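In what follows, every heavy atom counts, from backbone to side chain, and hydrogens, waters and symmetry copies are set aside. Note that the coordinates shown come from a computational prediction; the quantities given were computed from them, not determined experimentally.
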Amino acid sequence: MAFKNMEELERGIAASGQNWSEADKALAKKNIGYGNSLYGFKKDWVDATARGDTAAAQRSHDQAEAFRRRYGGYSGGTDGSDYIKDGTYFTYDDPYADALGQLADSILSYESFENPYRKQAEQVLSEYIDRGPFSYGLDSDPVWQQYQKTYLREGQRAREDTLGNYAAATGGQASTAAVYAASQAQDYYNAQMADKVPELYGQAYDRWLDEGEQYTNQIDALRAMGSDAMQEWNANRALLKDQFSGIRDLSDSLYDRDYRKWTADYQVGRDRLDDSRYAEELAYSREEDAANRAWKQQQAALDQAIAWLKMGVAPDNAVTEAAGLSEQDVGRYLGAVQAQLAAKGSKRSSGGGSSGSPSSGSSGAPDYEGLFRDAYNSGHAENYIATNYKKYGFSKSTGLSKEYHAAYDEDFESLLDETRRMVDANEYDPSAAVAHLKAKGYDDETAARVTGAIWRR
């Protein structure tokens, strides 16, 4: 169904139970052809939904969305009732939309041919069939009646003239010869009158034949006129299709031209945006790298300090300063570690296990070693880091997973397993384990990570 104006479309919307947003209605008001297209997509969606065909309903939704984006530059959302402006979609206002719509309506009106001469031809044919076989009646023939009057009158006159002539010759006396001669004169005209019957019959038959030929000629003429009308109808329909095809090709050409221009302009804009984002990201990356380097340097110093503190040994001033630890921090941490080691040693001797909760350390600095150690022991390191990083003094989790993998790789796991076996076999305490690892050539940081993973705080 093609609606001619917005009023008809709105009545159709109400009757079909469709849901139209203000954006959809605005697009339809802009061009009724757009409205008819949207109506068709929505009707297909309603029908498909009613029969439970979700695939067909999705296709109708996608078609409506593509149409909105092309001609309106917006999306209707999941149910078609929203207005989501999207500059990433090309929009095109077809200047030939009205002309194409009118031509399409005209072509639709040519879907079936109606012969304007059909009823007239049927009437003539019916009359031709209904006239029946030839028949002739003298009494109903006006020509015969005229001949009959004439010959009867002339026969009577000939009889009277003959009788008069004989009477004059005989002195007015009637005779048998006179009567006979008068009868002969009258019979002559009667015979001539009778001779006219076959002639009149033949003329009537000829007229009947002529009338039949006239009927056939009329039927043939009407058929020819109908054929001419069909040829004209086909020619007009073909012309409309040619016009529609030509205008559509022009419309498509303009669409392609505008789309190529939009694509080029859009790409330029995207390139500028990408360049701007790249510069911003590069600056941020440099700042982040500098901050990470500073954090890593501090963390390395902090790890080194913690490693010695765990062994009950106070680090030198250069290490504690680089780690950001004050003398008070070192004293408190050293006391806590020594007490904790004593408690763990007691539990180990009694055969009990140990567990703890994450901490950011007494200094308040981010606890890389504690986070990575506990993340490793959780069995789901990345998830653990993403969920618990704040508990260890970090303000964000960016880059922590990468640093974790750098510290706890496959080689570390092998070293950790080997050290556990060595500790279990020799019942080493943390200081003995560190001494063993350093004797094998491992640095303080690696020794601290290994012992930290074995003896949880």
Side-chain angles (χ1 to χ4, degrees), residues 103 105-243:
L103 284 172
D105 291 340
S106 299
I107 292 173
L108 288 175
S109 68
Y110 273 82
E111 284 302 310
S112 60
F113 171 72
E114 182 67 27
N115 185 359
Y117 304 101
R118 180 180 60 82
K119 291 183 178 179
Q120 189 176 354
E122 290 176 350
Q123 178 63 32
V124 174
L125 180 61
S126 178
E127 293 176 1
Y128 178 61
I129 294 173
D130 292 343
R131 72 191 189 117
F134 173 74
S135 63
Y136 178 72
L138 283 174
D139 293 338
S140 62
D141 187 351
V143 178
W144 162 253
Q145 292 174 2
Q146 185 64 35
Y147 273 121
Q148 188 180 41
K149 289 179 181 179
T150 300
Y151 280 106
L152 288 175
R153 184 181 64 249
E154 292 301 321
Q156 184 63 31
R157 181 182 300 171
R159 178 184 178 84
E160 292 174 356
D161 288 345
T162 301
L163 289 174
N165 290 335
Y166 271 91
T170 59
Q173 295 181 357
S175 66
T176 302
V179 173
Y180 178 77
S183 297
Q184 289 292 322
Q186 187 176 26
D187 289 342
Y188 171 77
Y189 282 99
N190 288 337
Q192 283 190 320
M193 182 177 65
D195 291 340
K196 284 293 182 180
V197 172
E199 179 183 346
L200 294 176
Y201 180 92
Q203 291 176 354
Y205 184 70
D206 290 340
R207 286 196 302 273
W208 185 83
L209 291 177
D210 290 341
E211 183 184 53
E213 187 174 356
Q214 289 177 3
Y215 275 119
T216 57
N217 290 338
Q218 284 184 333
I219 293 172
D220 290 342
L222 289 170
R223 286 176 176 173
M225 292 167 65
S227 178
D228 291 341
M230 177 173 282
Q231 290 179 0
E232 182 180 359
W233 180 87
N234 283 327
N236 290 337
R237 187 166 181 263
L239 178 60
L240 286 172
K241 287 189 173 182
D242 289 343
Q243 290 176 339

**Asked** Looking only at side chains, do E199 and Q203 share a donor and an acceptor under 3.5 Å apart?
**Response** yes
**Request:** Kindly write out the residues that satisfy ring pair (Phe, Tyr, Trp, His ring centres under 6.0 Å) with Y201, not counting sequence neighbours, or none if the list is empty.
**Result:** F134, Y136
How close do [X] and [Y] get, heavy atom to heavy atom, and via which atoms?
X: W233; Y: S112; value: CZ2-C, 3.8 Å
X: W144; Y: D139; value: CD1-N, 4.5 Å
X: L240; Y: S106; value: CD1-CB, 3.8 Å
X: P133; Y: W208; value: C-CZ2, 4.0 Å

**Item:** Check: L239 and Q243 side chains under 4.5 Å, non-hydrogen atoms
**Value:** yes
**Asked** Quick check: are there more than 12 heavy atoms from other residues, nucleotides or ligands sitting under 6.0 Å from CZ of R223?
**Response** no
Between [atom1] on residue [X] and [atom2] on residue [Y], distance to nearest 0.5 Å:
X: I129; Y: R131; atom1: CD1; atom2: CZ; result: 11.0 Å
X: L200; Y: Q146; atom1: CG; atom2: CD; result: 11.5 Å
X: S126; Y: Y215; atom1: OG; atom2: OH; result: 9.5 Å
X: K196; Y: D141; atom1: NZ; atom2: CG; result: 12.0 Å
X: S140; Y: Q145; atom1: OG; atom2: CD; result: 7.5 Å
X: Q231; Y: F113; atom1: CD; atom2: CZ; result: 10.0 Å

**Residue list, side-chain contact (heavy atoms from CB on, under 4.5 Å) with D195, at least two apart or on another chain** = none
**Asked** Between E127 and Q123, does a side-chain hydrogen bond (donor to acceptor under 3.5 Å, both in side chains) hold up when you go through it step by step?
**Response** CA-CA 6 Å; E127 293 176 1; Q123 178 63 32; 3.1 Å; yes
**Salt bridge present between R207 and E211 (N-O < 4.0 angstrom)** = no
**Request:** Flag the pair E122 and K119 as a salt bridge only when some basic side-chain nitrogen lies within less than 4.0 angstrom of an acidic carboxylate oxygen.
**Result:** no
**Asked** Passes side-chain contact (heavy atoms from CB on, under 4.5 Å), K241 versus I107? Steps please.
**Response** CA-CA 7 Å; K241 287 189 173 182; I107 292 173; 4.1 Å; yes
